[in-house]
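Computation of the quantities below employed the complete heavy-atom set of this structure, encompassing side-chain atoms and omitting hydrogens, waters and symmetry-equivalent molecules.
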Amino acid sequence: MVGQRSDRALYHPAFTLRYFPINKPTKIRIAVGNKLSKKATERNQFKRRVREIWRTLAIPSQLAITLYPKPVALTLTFTELKIALNKLT
């Protein structure tokens with residue numbers, strides 16, 4: 001079918017990571033909604049932490065990656081978050 005993509009998912013107690021191949025450089029999206037925290041500063045801090053961790057990880061090229069955190073993810077320290085993301089790669 002035209003336009004249909006076959007994305008895959010990896011699951012962790014703190015978040016779900018979905019990815020699918022693309023013909024462009026790797027793109028990372030972090031979806032942190034108001035349901036997780038009403039405070040923008042907490043949501044933005046989580047996004048900054050994840051971006052910094054991804055920057056240091058070896059990520060396969062040409063993937064579109066979306067990270068969907070769960071409420072417990074906002075309570076993780078930077079080190080705990082780094083360990084959790086390392087397990088998925």
Side-chain angles (χ1 to χ4, degrees):
M1 296 180 97
V2 176
Q4 185 178 18
R5 65 175 194 237
S6 59
D7 58 344
R8 298 175 187 256
L10 299 172
Y11 300 98
H12 185 273
F15 43 77
T16 300
L17 187 135
R18 292 184 134 343
Y19 65 96
F20 60 93
I22 57 175
N23 293 327
K24 299 177 183 177
T26 297
K27 184 179 229 177
I28 298 169
R29 299 177 189 111
I30 305 160
V32 185
N34 285 340
K35 284 185 176 182
L36 292 180
S37 176
K38 296 294 180 189
K39 297 180 181 180
T41 54
E42 290 177 3
R43 296 191 308 267
N44 292 338
Q45 181 183 32
F46 179 79
K47 290 179 188 179
R48 286 192 303 271
R49 287 179 174 179
V50 170
R51 280 191 211 110
E52 178 61 24
I53 293 167
W54 278 114
R55 192 178 64 76
T56 61
L57 291 176
I59 304 169
S61 61
Q62 298 185 333
L63 287 177
I65 301 169
T66 307
L67 184 77
Y68 299 98
K70 297 176 184 172
V72 70
L74 296 180
T75 63
L76 297 177
T77 64
F78 183 81
T79 307
E80 293 168 338
L81 190 58
K82 189 171 187 175
I83 291 168
L85 287 172
N86 270 327
K87 288 180 182 178
L88 292 179
T89 58

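Here Ile65 contributes atom CD1 and Arg18 contributes atom CZ; the two are 13.5 Å apart, rounded to the nearest 0.5 Å. To the nearest 0.5 Å, the span separating CD on Glu42 from CG on Leu36 amounts to 10.0 Å. Distance check: Leu10 CG to Thr16 OG1 gives 9.5 Å after rounding to the nearest 0.5 Å. Taking OG1 of Thr66 as the reference point, atom NZ of Lys27 lies at 9.5 Å (rounded to 0.5 Å).
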(request) Please test Leu17 against His12 for side chain to side chain contact (heavy atoms under 4.5 Å, CB included), starting from the C-alpha separation and ending with a verdict. (result) CA-CA 8 Å; Leu17 187 135; His12 185 273; over 6 Å; no
(request) Evaluate the side chain to side chain contact (heavy atoms under 4.5 Å, CB included) criterion for residues Asn86 and Leu57: first the C-alpha distance (whole Å), next the side-chain angles of each, then the deciding distance (0.1 Å), finally the verdict. (result) CA-CA 8 Å; Asn86 270 327; Leu57 291 176; 2.6 Å; yes
(request) Show your reasoning for whether side chain to side chain contact (heavy atoms under 4.5 Å, CB included) applies to Phe15 and Ile30. (result) CA-CA 10 Å; Phe15 43 77; Ile30 305 160; over 6 Å; no
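Phe20 and Tyr68 end up in different hydrophobic clusters when Ile, Leu, Val, Met, Phe, Trp and Tyr side chains are linked at under 4.5 Å. Under the 4.5 Å side-chain heavy-atom criterion for grouping Ile, Leu, Val, Met, Phe, Trp and Tyr, Phe78 is connected to Ile28 within one hydrophobic cluster. Cluster annotation: Tyr11 and Leu67 are assigned to distinct hydrophobic clusters (Ile/Leu/Val/Met/Phe/Trp/Tyr, side-chain heavy-atom contacts under 4.5 Å, transitive).
Residues Phe46 and Leu76 have side chains not in contact (no heavy-atom distance under 4.5 Å, counting atoms from C-beta outward).
The minimum heavy-atom distance linking Ala31 with Pro69 is given by the pair O-CD, 3.0 Å. Minimum interatomic distance between Ala14 and Ala73 (heavy atoms only, all atoms of both residues): O-CB, 3.2 Å.
A donor-acceptor contact shorter than 3.5 Å is absent between the side chain of Arg43 and the backbone of Asn34.
By the neighbour-count criterion of 12 heavy atoms within 6.0 Å, atom NZ of Lys82 is sparsely surrounded, having that number or fewer from other residues, nucleotides or ligands. More than 12 heavy atoms of other residues, nucleotides or ligands shown are found within 6.0 angstrom of NZ on Lys70.
A side chain to side chain contact (heavy atoms under 4.5 Å, CB included) with Ile83 is found for exactly one of Leu81, Leu85, Thr79, namely Thr79.
Sorted by first and then second residue, the pairs that involve residues 49-65 and meet salt bridge (charged side-chain N to carboxylate O under 4.0 Å, His left out), not counting sequence neighbours, are Glu52-Arg55.
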